[in-house]
Amino acid sequence: MSVAYDFAHSPATEFMSRPQHLLIDGRRVPSSSGRTFNSLNPATGQIIATIAEGGEVDVELAVVAARRAFEGPWRTMRASERGQILLRWADLLKAHAEEIIELESIDAGKPISATARQDFPAAVDTLIYYAGWADKISGDVVPVRDDALTYTVREPVGVVAAIVPWNFPLMIGMWKLAPALACGCTVVMKPAELTSLSALRIAELALEAGLPAGVFNVVTGPGRVVGDALVNHPDVDKVTFTGSPGVGRGIMKGAASNFKRVSLELGGKSANVIFDDADLEAASKAAGSGIFFNAGQVCSAGSRVLVQESVYDEVVERIAARAKSLRIGDPLDRKTALGPVISEKQMKSILDYVDIGQKEGARLVTGGTRVGERGYFIGPTVFADVEHEMRISQEEIFGPVVSVIKFRDEADALRIANGTAYSLAAGVWSRDIGKLQRFAKRARAGTVWMNTYGYTDVRLPWGGERDSGLGREHGTAAIDNFTEPKAVWMNLAV
């Protein structure tokens, strides 16, 4: 396997070669400290951009700008006009699709075919969907008594801190931006330190679309500085975060300082359950995609495949064959199915779990090693003979590693599926509709897929409970996230 890039004619080259300043109050500015950090290409380990390292002073400037914009042009603008600006922004994203897709692929190590097929279209779809919501956020007239007109309105929550992860920076970033802006909020975004480039580029396009200065600000830098400053800032009204449970707990503590509203989409250890009456070819193929897509760096990845004992060996063989067939390599090659993991640190963490699994007694069927000497590639890894209590079954690995676990019957499958701290998603495969419905009803999961795995849509709620988070994104749930209901009484007896 070899990875070699020639950026001479890349549409993303010019952008990456520029100093990547912060975006505050409608202007690209260096950090107050002047410090910068390097962004690395995970496929090569090479530096691709130099990015401003924001700090507390920059957060203060961004929040002040966001508050000023919230109290001024954005909040008082007609809702339909806000929606039109968001639609113009979507048009600009589509006009720059090739550049943005390539930028995301290089910065995050994502196979460009998957970014073009899923991530980018989903981001644009999200923006268009919530642009349509901008002038449709309404309240109700509630007939409480004859001598009063009583009604409700929904008002924007205010200044939003959006803290975005590195696994789907463009798509998940838009999951937060689009509904917040449609509701009339202003945003300070902190993209992940490892993947900041797409946020900075789409922010420039937002200004070009007519978004007023201060409505959307981007402060790049480390979470322990920029993220903490946003969470603890007294003039931030809402925090929306996607990331790890540990950081999520810290955010809840920090948000308590002024009782900020918080929504959290955290980790997962999702069960993908295959009964012996399922279509084993379809189920095994989807099980492979469910864990190896994006190198397993997906909160809802089907990292635990539960298989009924009578077909267990066959399914293990099918998933292993799928793993061995995947093409690993250059993310910019459209034939690549599996790119690198995001960083050397993440690669080492995943390989440590491979060692843990073997020490616990699980059988390594395939993979489990670094691929190549350049970049952060790991071969798709299949563990068989995994016991439910093993660490590789209980802890989120966030890499291309699947644990295949045997179960006896429906009750046993449900016990194992619900037997972790997570509750983000689950899948179930069977030709028996009653069995599917019973499992869906009893599974502790925010999303249950039946005879499929992994689909999301902005029109459906997304999220989990326990270590998988708090609240829901997407659909009307996101409108609730970024608005506050207000009751109004008007005395008619005067």
Kindly list each side-chain donor-acceptor pair under 3.5 angstrom involving residues 221-233, sequence neighbours excluded, with atom names and distances?
| unit_1 | atom_1 | unit_2 | atom_2 | d |
| --- | --- | --- | --- | --- |
| N232 | ND2 | D228 | O | 2.7 |
| H233 | ND1 | D235 | N | 2.9 |
| H233 | NE2 | E60 | OE1 | 2.7 |

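By the 4.0 Å N-to-carboxylate-O rule, R78 lies too far from D135 to be salt-bridged with it. Salt-bridge annotation for R459 and D457: present, with a side-chain N of the basic residue lying under 4.0 Å from a carboxylate O of the acidic one. Between R88 and E208, none of the side-chain N atoms (NZ, or NE/NH1/NH2) sits under 4.0 Å from a carboxylate O, so this pair counts as no salt bridge. Checked for salt-bridge contact, E14 and R18 miss the test: no charged N lies under 4.0 Å from a carboxylate O.
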### Verdict with supporting geometry, I112 and R334, side-chain contact (heavy atoms from CB on, under 4.5 Å)
CA-CA 6 Å; I112 196 165; R334 291 188 176 273; 3.8 Å; yes

### Task
Apply side-chain contact (heavy atoms from CB on, under 4.5 Å) to the pair K269 and Q394, showing each step before the final yes or no.
CA-CA 7 Å; K269 196 69 181 175; Q394 292 291 320; over 6 Å; no

#### Entry: Verdict with supporting geometry, L338 and F377, side-chain contact (heavy atoms from CB on, under 4.5 Å)
CA-CA 8 Å; L338 190 75; F377 295 87; over 6 Å; no

### Task
Begin with the C-alpha distance, continue with both residues' side-chain angles, and end with the deciding distance and a verdict on side-chain contact (heavy atoms from CB on, under 4.5 Å) for L181 and W74.
CA-CA 9 Å; L181 297 176; W74 194 239; 4.1 Å; yes

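Ring geometry, W449 versus W462: the interplanar angle falls from 30° to 60°, so the pair is classed tilted. The aromatic rings of W133 and Y129 sit perpendicular to each other, their planes meeting at more than 60°, with 30° as the lower class boundary.
Counting heavy atoms from C-beta outward, E473 and T126 have side chains that stay 4.5 Å or more apart. No side-chain heavy atom of H474 sits less than 4.5 Å from a side-chain heavy atom of P461. In this structure, the side chains of V64 and R68 come closer than 4.5 Å at one or more pairs of heavy atoms. With contacts defined as side-chain heavy-atom distances shorter than 4.5 Å, the pair V164/W175 does not qualify. Put simply, the side chain of R249 does not reach to within 4.5 Å of the side chain of L264, judged on heavy atoms. You'll find the side chain of V402 reaches within 4.5 Å of the side chain of F292, heavy atoms only. At a threshold of 4.5 Å between non-hydrogen side-chain atoms, the residues Y453 and V305 do not count as touching. Proximity of I356 to E395: side-chain heavy atoms (C-beta onward) are nowhere separated by under 4.5 Å.
Enclosure of atom NZ in K136 by more than 12 non-hydrogen atoms of other residues, nucleotides or ligands within 6.0 angstrom is indicated. No more than 12 heavy atoms of other residues, nucleotides or ligands shown are found within 6.0 angstrom of CD on E98. Environment of CD1 in I47: sparse, with no more than 12 heavy atoms of neighbouring residues, nucleotides or ligands closer than 6.0 Å. Other residues, nucleotides and ligands place more than 12 heavy atoms under 6.0 Å from the CE atom of M77.
W166 has its ring centre less than 6.0 Å from the ring centre of F398.
A pairwise comparison of heavy atoms in S468 and G267 identifies OG-O, 2.7 Å as the closest pair. Of all non-hydrogen atoms in Q346 and I342, the two that sit nearest each other are CB-CG2, 3.9 Å. The minimum heavy-atom distance between H21 and V29, with the atom names listed, is CB-O, 3.0 Å. The minimum heavy-atom distance between T420 and R466, with the atom names listed, is O-NH1, 3.0 Å. Minimum interatomic distance between G109 and P331 (heavy atoms only, all atoms of both residues): O-CG, 3.8 Å. Here the closest non-hydrogen pair linking R374 and T44 is CG-O, 3.6 Å.
To the nearest 0.5 Å, the span separating CG on L211 from CD on E204 amounts to 13.5 Å. Between the OG atom of S138 and the CG atom of D140 there is a distance of 6.5 Å, given to the nearest 0.5 Å. Expressed to the nearest 0.5 Å, how far CD of Q297 lies from OG of S343 amounts to 8.0 Å. Taken from CG in L460 to OG1 in T476, the straight-line distance is 10.0 Å, to the nearest 0.5 Å. Note that OG of S270 is 5.0 Å distant from CG of L424, once rounded to the nearest 0.5 Å. Within the model, atoms OH of Y353 and CD of E396 stand 9.0 Å from one another, a figure rounded to the nearest 0.5 Å.
No donor-acceptor distance shorter than 3.5 angstrom exists from the side chain of D237 to the backbone of R261, with no hydrogens or angles considered. Side chain of T76 to main chain of G72: a donor-acceptor pair is present (N/O by atom type, distance under 3.5 Å, no hydrogens or angles). A distance-only check finds no donor-acceptor pair linking the side chain of N272 to the backbone of G302 [under 3.5 Å]. Looking at D25, its side chain never comes within 3.5 Å of a backbone N or O of A65 through a donor-acceptor pair. Of the possible donor and acceptor atoms, none in the side chain of D467 sits under 3.5 Å from a partner among the backbone N and O of P245. Side-chain N or O atoms of R370 include one that pairs as donor or acceptor with a backbone N or O of G375 at under 3.5 Å. A donor-acceptor pair under 3.5 Å is absent between the side-chain atoms of T381 and the main chain of G367, judged by distance alone. One N or O on the side chain of S403 and one on the backbone of I392 form a donor-acceptor pair closer than 3.5 Å.
P380 pairs with exactly one of I328, V371, V401 by the side-chain contact (heavy atoms from CB on, under 4.5 Å) rule, that one being I328. The side-chain hydrogen bond (donor to acceptor under 3.5 Å, both in side chains) with K110 is formed by just one residue from the set T336, T115, N294; it is N294. Of the options L92, L93, L103, a side-chain contact (heavy atoms from CB on, under 4.5 Å) to I202 is made by L93 and by none of the others. Of the candidates T50, I48, N41, I48 is the only one forming a side-chain contact (heavy atoms from CB on, under 4.5 Å) with M16.
S198 and E104 form a side-chain donor-acceptor contact under 3.5 Å, judged by distance and modelled atom types alone. Residues K238 and S263 have side chains that bring a donor and an acceptor to within less than 3.5 angstrom of each other.
The side chain to side chain contact (heavy atoms under 4.5 Å, CB included) check on H96 picks up E99, I100, R201, L205, with sequence neighbours excluded.
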